[in-house]
Amino acid sequence: MNTSAKAPRKVSMGVIGPILALILLVIAGALMNSNFLDWNNISNVLARSAFIGIIAVGMTFVITAGGLDLSVGSMAAFIAGLMILVMNTALPVLGVGIPIVLLGMAVALLAGIVAGLLNGILITRLGIEAFIVTLGSMGIYRSLVTWLADGGTLSLDFTLRTFYQPVYYGGIFGVSWPIIVFALVVVVGEVLMRATAFGRHCAAIGSNDQVARYSAVRVARVRLLTYVMLGLLVGVATIMYVPRLGSASSATGLLWELEAIAAVIVGGTVLKGGFGRVWGTVIGVLILTLIGNILNLTDFVSPYLNGAIQGAIIILAVILQRGRKPGL
Amino acid sequence: MNTSAKAPRKVSMGVIGPILALILLVIAGALMNSNFLDWNNISNVLARSAFIGIIAVGMTFVITAGGLDLSVGSMAAFIAGLMILVMNTALPVLGVGIPIVLLGMAVALLAGIVAGLLNGILITRLGIEAFIVTLGSMGIYRSLVTWLADGGTLSLDFTLRTFYQPVYYGGIFGVSWPIIVFALVVVVGEVLMRATAFGRHCAAIGSNDQVARYSAVRVARVRLLTYVMLGLLVGVATIMYVPRLGSASSATGLLWELEAIAAVIVGGTVLKGGFGRVWGTVIGVLILTLIGNILNLTDFVSPYLNGAIQGAIIILAVILQRGRKPGL
Amino acid sequence: MGIAVSTPILALSQVSRSFGPIEVLHSVDIALHPGRVHALIGENGAGKSTMMKIMTGYQPPSAGRVLLDGAPVTFTDMGQAEAQGISLIHQEFNLAEQLTVEQNIFLGAELRRGWLLDKAAMRAKSRELLARLRCDVDPLSVISTLSNSDKQMVEIAKALLRDTRILIMDEPTAVLTRTETEVLLEQVRALRDHGTAVLFTSHKLDEVSAIADDLTIMRDGAVVWSGPARDMDEHQMAEAMVGREISTLYPPKTATQGALALEVEGFRVPGFAQDIGFTLRKGEILGVAGLMGSGRTETFEGLAGLRPGHGVVRIDGAPVTIRHPWEALAMGLAYLTEDRKTRGLLLQKGLGENLTLQALHRFSNWLLDKRAEDAALTRAVADFDIRGSRDVDVGSLSGGNQQKLLFAKIMLSDPGILVIDEPTRGIDIGTKQQMYQFIRKLAAEGRAIIVISSEMQEVIGLADRVLVMRQGRIAGELAGPEMTEDAIVRLAMGVGAAAPATGNRQKETSE
Amino acid sequence: QETKVIGVSIPAATHGWAGGMNYFAQAAITRLEATYPELDFVLSTASDPSRQVNDIEDMLATRNIDALVVLPFESEPLTGPVQAVADAGVWVTVVDRGLSVEGIEDLYVAGDNPGFGRVSGEYMASQMPDGGDIVVLRGIPTTIDNERVAGFEEAIEGSGINILGMEHGNWNRDTSFTVMQDFLSRHENIDAVWASDDDMAIGVLAAIEAAGRDDIQFVLGGAGMKEMIQRAMEGDSMIPANVTYPPSMIASAIEVTALGMVSQTPVSGEFIIGSVLVTQENAEEFYYPDSPF
Ligand SMILES: Nc1ncnc2c1ncn2[C@@H]1O[C@H](COP(=O)(O)OP(=O)(O)OP(=O)(O)O)[C@@H](O)[C@H]1O
Ligand SMILES: Nc1ncnc2c1ncn2[C@@H]1O[C@H](COP(=O)(O)OP(=O)(O)OP(=O)(O)O)[C@@H](O)[C@H]1O
Ligand SMILES: O[C@@H]1[C@@H](O)[C@H](O)OC[C@H]1O
Ligand SMILES: [Mg+2]
Ligand SMILES: [Mg+2]
């Protein structure tokens, strides 16, 4: 077993790597544009990280337990559409006010849970590859939102939106709600992952599900729970998303799944499962969002090449934390 | 030995499942539209399967050896763009004729090999997760083609295109070239997978790379080769693609990676590696292409819901071949 | 101290090896000679496997030299040692589970005709090798469907295939029955007579006496004795290894049997076992013997909810239905797997995480109590004498220490009924003694214990009563003085009389 | 009377304008099917050029179409396949994005992208006689977008308008919101924004509002989304105008084609639907409250 001879070094580089990459990006940003470190910009970046971030925290659990979910982006779009539809429909009855917002939120959370449950059941009870199930449901939700919106955009009633807007733009002590909720989700996620039986079980299952089964871990249930939890978090993210622009269309949440998965892996979680860390995912999300922000704040390259720079930085960030043996 | 009691049943459902799904689709198609079984339609379907199909054969090897490649779609777009650019540039010198087409083909194959080599080197020599490397290169190639095309479309010179077109539309004995090339690639792939040391080594590496290394298999080299081979096949697919559409833009090859991976898995190859079959992949590709074709044969649902139907059929096709134990 | 006259074909000279700050081998020497069988013995974690890996190029030494034919060599990749005719059979299985027997045997050394594989030739050669080992598995079966002993035979066939001048085997017999072991030893003798140098290790000292020409004994990473094997008898070997007197291996059978803990009637595990019936009392140790493949593992996996099983099961007199392992555990029934590597331990995880996995609820009250976990590990390390660094992945523990950890893990879940499948595989003799005492102590505490073992001595020495299984059925039951090797073998093979006539036996045949 | 089959192939509803276009296509089909029992329609939507080619191939091979109305995803890749349809004797109507070879189609109903850019630029110049600093959001990198931007840049030349920055908002509200937030962080003063599309304008407005900035005098979108037309109509100073690029042009194309099929008097030729400036004065004419766009 010479493989783990390097173990100590691996851990430390794995830990420092993503942080280092993030620090380098922040320095680069600050050098390129003096407004970069303004609270205003920082706040923007954090708030817009929140959607992917909240979802990526859930994805960390799914991946740690050896799963995958490609459907989160279109699930978010679908939930947003559903939420808007329900709120608009309930408006004549409930009027503008807290109750209707609560109704919308409840719908979003419920829909998220149900969607996660469906994915999870197909994966754990029928034993179909997560990749296939969620690729399928990705197509299904994306279609459904297009259909709900009749091909166009579903928009929240204007007065309702004005009332609901503070959920994205408002906050306390100058910190906006998405940032607060994101932070809460991260803290809860970190505790769940590191300090609860659930987190342990996820890692055990992802590491070797046979061993987990022989250790009397309820493998299928834990796996199912990871998908449900991810669904719930997609619901939470949607609750923050809808007040931002008040609309949902088939373009909502496009490619969020790839971004979320990339954030998880850039953060040091192992794609094949068995090892995950929530704080790493947060760093991953921040790295991904910052790249876009920095590219917008400067124009030293053709905007056509933004994607290339993003791609290169993602690879570089992971090279920084590489300590794993080659040949994988 | 009763030990292998369950083995045969499992295998047979895994084998029959995809074939059954395909047959059901064909029957459905034939019932819905009398022209479905016309050679004309069959030929269209087969020819358009060829792009994804050729790529998916390469992907089968990558996945069997425990890897993944998300970059194939944008790689195809980039190679198409490059090929067009080179051919247009060489036109004044070489004129319309076989030499310039050969030049274009050589460029495509070479670019494919180099692109595969780059992915492979980052993955095997630097030991970075395949998911990250190829997500990165996906962004890079997609950007590069946008940039080459200056945000628009790169088009092959019209006369050149007319000359080159038979490579897609022509053929022998009424069978068009893409179908012939696809068939060749499949046969070679099948032989490689089943009857050569390379194929075995791929499966061994995907099953347990430590074991393979201990058995003196050159793990890194075999893995690298799978990516190079995939790159080469992307080049081959592009050679067929360019005469079909005569252009490349940032929309070229969009989501091919997901389609190729889905085809591989629908065909029964295991996403985590260790077991792959090329013929299964072919069935997977045909299933995916047929779904689109059949949806065009009738108009019994809102076009908005096409994606939902595709998603549902993909899941169903895999349920059919499931024989794996639940709880995974 | 080399006695042999020829020059060593492979030798270590003053080799040390460290993992991080910990040195596990301290300037060891060993020399192998052509045509001689060299046995390497020592306690769990003494450094045997590490030494073997260094000799075969799987690990570099931290200091010292590897000498091949008298000249220093450095192997830079796995292929090099193999090209020099050196083969290692690993302590843990080294097979690709999804591949077939033939594919594994020829992995990395495929026969070709031109570009293509010569499958017919490989199949034929595989059959021939397996036949030499008297193993009747089909070369086309997939490894994951094989029993452990068959897997081991495949490993051996794989090594035999390579044209080996030097064959190094790390506990090849740990998962083999006596008959299979004899077949293997026969092959080893044949190879030796052909001039092959053989190095092997085993915790079964009778095998060592039977086959070794030379002997090296290690303790705590150092060689403590080296010389001709005939100079040492089993007893002396054990003492030299452990560093203390080993008096009686098995504790006295002082069982005071209590109430019925487990009653099983007409139980079957489709495809593997049928008509299983027996009873078990608190405080009792019930042995289960049988040939490999007789369905012992499946029967008890079925009872523990790990695979589908049907029949009447009563725990403490109350009928129960167990469909999942956690249900079994909730009823106080725990099963310890025979397969520590793929079913028992998370090799990439630390000791603590493995230890508490099965009993996590006891350490968690919303949040995990990491201090308590740590304390549990400290206790387990002491109780079970687990040696090696606490901070490594379990995969880096020596095989025997992994087994001890597995045992500690299952005990943490505090089962009332404990099924232990092959508890002492790969355990050194000193620790074995401790474990037997431990198992007896558990019984004395009022637990009901089932020990499945392929080591007949173990069953006889430890159990109060023995069930013998054959072809998925209970062939008979033996107790007290009836428990002899001869009687067990007869029942297991289905030969001779030895008709079972106990009360339990009659109960189970109804229905 | 013999049934005639009309195939309609359009890009999928991936953003607002395309959604509107999808809506108008379906509405036209429903209406025409009711009016003309002898007409059959086949509608397909594609998410990329190569799938659109598949759709068209399938229509020809299996649906026996007599006419094809196509809004090409991209001009170049669709040229060959549409030509094959025309060669098979099928009537071809091309909408919006022209083919790259002339003379294939029987009927061409088109928007005017350079014109769209030009009208937008001229309006900007007229509103900012002393020049000023603007930022520009571009669409998905395509020829359409290139043509619009070229038309725009040409129109503002010499007007003293200075483009501080251009980024791609991809005709997407979310992307545009983010891009605009970053423009706002980067530039202390922005006088106006050319969002070039109403979906993007919505994202831009939200970002401006959230930042509480009052230096921006107005935002010019485009394509005539009903909410934006309404705001112009109501005299909203942030959205004083719009430039049309009606997604309903697909409906016109389908209708004319259908008419040609039933009346046996084909109406061939070219219809350019020019981009018109919408201001408070004429907004009412362009306000369709029932349209989804
Ligand atoms: N990769 C590694 N990292 C850290 N420690 C290791 C590693 N490999 C082995 N060790 C340690 O080296 C010591 C010797 O282990 P080794 O496997 O050689 O023992 P062994 O004599 O073969 O024991 P057993 O009889 O149990 O198989 C043990 O303490 C083990 O934990
Ligand atoms: N079809 C199979 N698929 C997977 N594993 C199998 C299969 N058949 C047998 N095994 C495994 O092979 C091993 C040994 O076989 P079996 O359980 O029949 O023998 P046993 O009587 O328990 O003997 P022993 O425990 O000594 O090997 C077990 O671990 C069992 O799980
Ligand atoms: O989709 C495009 C739309 O968004 C833009 O505004 O106008 C042209 C269309 O093709
Ligand atoms: Mg060992
Ligand atoms: Mg067993």
Side-chain angles (χ1 to χ4, degrees), chain B residues 29 32-45 47-48 51-52 73 76 84 143 145-147 149-156 158 161-162 165 168-169 241-256 289 292-299 302-304 306-307, chain D residues 7-14 19 22-23 25-26 29 33 40-64 72-81 83-84 97 100-101 138-147 149-150 166 168 170:
Chain B
M32 284 177 194
N33 189 308
S34 55
N35 296 326
F36 175 75
L37 290 178
D38 275 9
W39 172 240
N40 210 343
N41 187 49
I42 305 261
S43 166
N44 280 344
V45 169
R48 75 175 70 135
F51 311 132
I52 298 288
I84 291 172
S143 268
V145 70
T146 316
W147 179 71
D150 217 349
T153 310
L154 280 164
S155 344
L156 193 60
F158 194 75
R161 187 167 157 223
T162 317
Q165 227 161 15
Y168 183 81
Y169 293 100
Y241 177 85
V242 168
R244 185 184 193 212
L245 300 185
S247 69
S249 74
S250 56
T252 303
L254 220 51
L255 295 186
W256 281 10
T289 319
N293 181 245
I294 288 179
L295 286 172
N296 277 339
L297 294 181
T298 52
D299 25 31
S302 151
Y304 297 145
N306 280 1
Chain D
V8 179
S9 169
I10 53 178
T14 49
N22 269 254
Y23 167 85
Q26 294 196 55
I29 288 173
E33 267 178 338
D40 250 356
F41 288 88
V42 178
L43 172 66
S44 70
T45 62
S47 50
D48 65 58
S50 120
R51 283 193 180 77
Q52 191 172 24
V53 172
N54 293 349
D55 290 346
I56 292 174
E57 278 178 358
D58 286 348
M59 285 181 188
L60 194 60
T62 66
R63 306 299 292 267
N64 307 317
F73 205 106
E74 282 175 4
S75 309
E76 293 292 341
L78 268 299
T79 300
Q83 174 141 45
R97 313 173 192 174
S100 52
V101 173
R138 308 187 53 158
I140 295 174
T142 46
T143 317
I144 304 173
D145 182 64
N146 288 350
E147 287 175 1
V149 172
M166 286 206 215
H168 288 272
N170 297 340

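Here is the naming used below: chain letters follow the sequence lines, and residue numbers restart at 1 for every chain.
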Taking the side chain as every heavy atom from C-beta outward, state whether B/L156 and D/E76 have any atom pair closer than 4.5 Å.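 Not in contact.
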For the residue pair D/H168 and B/T146, establish whether any side-chain heavy-atom pair is separated by less than 4.5 Å.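 No, too far: nothing below the 4.5 Å cut-off.
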Proximal component of [X], with respect to chain B [non-hydrogen, under 4.5 Å]:
X: D/D145; result: neither
X: D/N146; result: side chain
X: D/Q26; result: side chain

Smallest separation among heavy atoms of [X] and [Y], with atom names:
X: D/D48; Y: B/A251; value: CB-O, 4.0 Å
X: B/L254; Y: D/R51; value: O-NH1, 4.1 Å
X: D/A61; Y: B/N35; value: O-CB, 3.8 Å

Would you confirm whether D/R63, through its side chain, and B/N296, through its main-chain N or O, come within 3.5 Å as a donor-acceptor pair?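 Confirmed, D/R63 side chain pairs with B/N296 backbone.
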Counting N and O atoms only, with roles assigned by atom type, does the side chain of D/N54 sit under 3.5 Å from a partner on the main chain of B/G292, one being a donor and the other an acceptor?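 No; zero donor-acceptor contacts below 3.5 Å.
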Contact part of B/N293 toward chain D, heavy-atom cut-off under 4.5 Å: side chain, backbone, both or neither?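 When you check distances to chain D, atoms from both the backbone and side chain of B/N293 fall under 4.5 Å.
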Please flag which part of B/F51 lies under 4.5 Å from any non-hydrogen atom of chain D: side chain, backbone, both or neither.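 Nothing of B/F51, per the 4.5 Å heavy-atom cut-off to chain D.
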Chain D interface, residue from B/S249, B/G246, B/S34 that has the most non-hydrogen pairs under 4.5 Å: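 The answer is B/S249.
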Residue among B/N41, B/L154, B/D38 with most heavy-atom pairs under 4.5 Å to chain D: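 Ranked by heavy-atom pairs under 4.5 Å with chain D, first place is B/N41.
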Do NZ/NE/NH1/NH2 and the carboxylate oxygens of B/R244 and D/E57 come within less than 4.0 Å?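 The answer is yes: the pair qualifies as a salt bridge.
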Nearest 0.5 Å, please: how far is CG in D/L78 from CG in B/L245?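 Reported value, rounded in 0.5 Å steps: 8.0 Å.
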To the nearest 0.5 Å, what is the distance between CZ on B/R48 and CG on D/D58?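 With rounding to 0.5 Å, CZ (B/R48) is 4.0 Å from CG (D/D58).
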